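Here the structure is laid out as structure tokens; the discussion comes afterwards.
No experiment lies behind these values; they were computed from the predicted model shown. By convention here, the first residue in the shown sequence is residue 1.
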Amino acid sequence: MSFSKEDTQKIKGIAIIMMFFHHLFLAPNRYAGKTISFTPFSEHTINTASLSMKLCVAIFVFLSAYGLTISYKRVCDKFTYTPEQLQRLILKRYIKMMSGFFFVFLCLQVYSLAMGFEWYTHVYGTGSLSVLYACIDFLGLAQLFHTPTFIATFWYMTFAQILIFIFPLLLSIYRKFSSSVLVFLGILFSILFPVTIADASKPNTFAFLPVYIVVVCLGIVSADLHFLERIRSWNPINAFPFLGKILKFLCTLFIILVFVYFRYKTRTTALLPIWEALLSLLIIEFCYEFILWIPIIKTILSILGKYSMDMFLIHNFIRIAWYYDFTYSFHHVFLITIVLLGISLVVSVLIELLKALLHYNQLIQKILAKV
């Protein structure tokens, strides 16, 4: 049983839940002045868990690299391409990803202005460079140039674009050498250009590429060598498959928790990229084997995953810019998360309906067809 698009969508559903939890409760300053119940856990426990939920980014990166590898393999299984083929592959991926971002970005601008918040004044300034800053942000490149951004969450769009353009180079290294060389070079790059997520005061060199380059490399290798399928099919006790599954479940969960602990303790060191890569693989495989098939849960995850891109772009506006007091008015940590998930999902569905009404997706498909 191969790791399918449907499985990818469900994993994205898990990752978006992790992202919301991370952004809502990673530190007390996120809900300063609000009365929050953390029952049955302590505030410190929730803060620590939320901080670790930053792993959601590594999961999204792994899935992106995995999906890109599969797309490239469909064109040529040996990863050899003509310049024209590479141009088409890169351009199609760019259009597919950025067309969704452009539409949501404009919707957010229009809604913010309608609410009376002058974003161009407060974000981009009033000087001669304000229009340039707005254009850079619209292109999702603010993180690259360190210019003002509509909201900090958009840093990922810069990273995603960098990934699209360097991906053929990574595949070329993988094809000409080996998986071990590719991963080694990824680790070497992360060491030579260290970026620590925990230190927000430092410029985020290459839009966090050094943090997630090892994840990308492992995603490529996993897609080509079918790591997820191989791990899922392996049973430590062939004579007693059910017992083997239970043992595998417990051992994998234990390893994940141990790795999460050491990641937390060493998150400001050069080990972070390695933890991100190992944990993204382990968490995805664990969910693929033990979670994604559960009735009701799989349906919920599939729906969240389908709209995860829009939810990612929208939720921090709801949480910070528009309805901060409302978001944290539900008092309990889990209820707050569920409400924000629900509102973000509804808004995402409405945006997709607006796209359909304006025939926006049809326009993008015509552009892709010409490419």
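Contact check for L345 versus D310: no side-chain heavy atoms found under the 4.5 Å cut-off. Within the 4.5 Å cutoff, the side chain of F102 has no heavy atoms near those of the I95 side chain. For the pair F154/L313, a side-chain contact is recorded, criterion being any heavy-atom separation below 4.5 Å from C-beta on.
Under 3.5 Å, the side chains of T266 and W275 contain a donor-acceptor pair of N or O atoms. Between the side chains of Q9 and S302, at least one donor N or O lies within less than 3.5 Å of an accepting N or O. Using modelled atom types, one finds no donor on one side chain facing an acceptor on the other under 3.5 Å when comparing S4 with S2. Under 3.5 Å, the side chains of E352 and Y360 contain no donor-acceptor pair of N or O atoms. Of the N and O atoms on the side chains of T48 and T45, not one donor lies less than 3.5 Å from an acceptor on the other residue. Looking at N47 and S50, their side chains never bring a donor and an acceptor atom within 3.5 Å of each other.
Annotation: the span from F312 atom CZ to F101 atom CZ amounts to 8.0 Å, rounded to 0.5 Å.
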#### Entry: Pair W322-T327, side chain to side chain donor-acceptor pair (under 3.5 Å): steps then yes or no
CA-CA 9 Å; W322 299 338; T327 299; over 6 Å; no
### Task
Give the C-alpha distance, both sets of side-chain angles, the deciding distance and a yes or no for side chain to side chain donor-acceptor pair (under 3.5 Å) between T149 and D137.
CA-CA 6 Å; T149 181; D137 202 18; 2.9 Å; yes
### side chain to side chain contact (heavy atoms under 4.5 Å, CB included) between Y72 and F167, intermediate numbers included
CA-CA 10 Å; Y72 274 75; F167 203 76; 3.8 Å; yes
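Taking the ring centre of F290 as origin, the terminal cationic atom of K245 falls inside the region bounded by 6.0 Å and 45° from the ring axis. With a 6.0 Å cutoff to the six-membered ring centre and a 45° limit on the axis angle, R30 does not count as a cation-pi contact of F25.
The shortest non-hydrogen separation linking G244 to P236 is O-CG, 3.5 Å. Closest non-hydrogen pair, K73 versus D224, comes out as NZ-OD1, 3.0 Å. Of all heavy-atom pairs between A65 and G219, the closest is CB-CA, 4.2 Å. In this structure, K10 and L301 approach most closely via the heavy-atom pair O-CB, 3.7 Å.
Under the 3.5 Å distance criterion, the side-chain polar atoms of S99 are matched with a main-chain donor or acceptor of K96.
Of the charged side-chain nitrogens involved, at least one lies within less than 4.0 Å of a carboxylate oxygen, so that E276 and R263 count as a salt-bridged pair.
With ring centers used as reference points, Y133 lies 6.0 Å or more from F145.
Between Y323 and F326, the two ring planes are perpendicular [angle over 60°; tilted spans 30° to 60°].
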